[in-house]
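What follows is a set of notes on a single structure, which appears directly below.
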Amino acid sequence: MHLTVYQRLKRKIGHKILIKPKLMCLDRGVLSICFDDFPRTAWTVGGSVLAQYEARATYFASGAFCNQTYLGMEQFTDRDLMEVREAGHEVGCHTYDHFSALEVTTREFKNSIEKNKRFLSERLGCELIESFAFPYNHVSLQSKIAVASQFRTARGVGTSLNFNWIDLSEVAGINLSLTEAGGYSAGQPGFQDIAKLIAQAAQHQKWLVVYTHDVSDNPTEHGCLTRGLENLLIRAKQAGLAIRPVKEVIAA
Ligand SMILES: [Zn+2]
């Protein structure tokens with residue numbers, strides 16, 4: 001999405017200011033896997049891979065996508081949402097309309113969150129939704145403040161691990177599409193070395209958060225290869241990382 005100079009400035013200020021600083025001390029490295037929006041394959045394919053490795057993830061749903069096709073991809077259904085929850089995964093909140101915090105007013109952004117919370121509670125009961133993810137990873141200072149008052153944790157984008165002082169209003173998530181799990185290779189711009197990040201998380205008890213969208217043998221540029229997700233889980237387990245949904249890491 002093209003951002004104006006003003007929007008980029010807003011985003012920069014948003015990134016700079018910590019709203020909910022927290023000192024994070026883990027007794028072992030942890031991996032959290034997030035699926036945003038979410039396309040059906042995140043559950044139908046990704047969910048099967050996770051089950052195979054007894055791993056649970058966080059699915060950030062946008063209500064407006066339910067039972068729809070978005071960017072040519074089938075999105076989650078009501079039934080998928082129930083199944084995700086029943087399988088023990090965390091359901092997190094995106095904005096209902098998939099609004100970017102930089103594209104709409106703070107009021108519109110907040111209303112879209114409220115609408116999504118209602119959408120989720122109508123389907124999942126009164127379950128408390130504790131985690132949020134910023135659509136497009138766009139943040140502004142106002143949106144961070146709004147989100148921080150409603151959710152325990154919010155995930156943004158980053159290129160590094162979470163450790164020591166972290167900002168619960170913008171936990172750094174690494175885009176799996178830019179790792180070999182997404183079919184990306186060293187030398188391509190923005191490449192993230194997931195093997196190295198896993199090793200660092202394990203060695204120094206850090207929190208590795210990754211996010212993706214669709215999962216298939218032929219994913220979109222925002223998705224992840226089925227075997228890529230599988231390799232991620234194998235590597236994380238071999239390194240001794242715990243694999244937990246976002247809210248469980250924070251609760252611990
Ligand atoms: Zn999204």
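Counting starts at 1 for both ligands and their atoms, following the listed order.
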Is E74 salt-bridged to R40, cutoff N-O under 4.0 Å? yes

Whether D167 and K144 form a salt bridge (side-chain N of Lys/Arg under 4.0 Å from carboxylate O of Asp/Glu) is what I want to check. yes

Are E114 and K110 ion-paired here, with the side-chain N under 4.0 Å from a carboxylate O? no

4.5 Å side-chain heavy-atom contact, H222 and T212: no

For the Zn ion (ligand 1), which protein N/O/S atoms are closer than 2.8 Å? D37 OD1, H94 NE2, H98 NE2

I'd like to know if the side chain of R155 reaches the main chain of E170, judged simply by a donor and an acceptor atom lying under 3.5 Å from each other, with no hydrogens or angles considered. no

Is there a side-chain contact between K117 and Q150 in this structure, where contact means two heavy atoms from C-beta onward sitting under 4.5 Å apart? yes

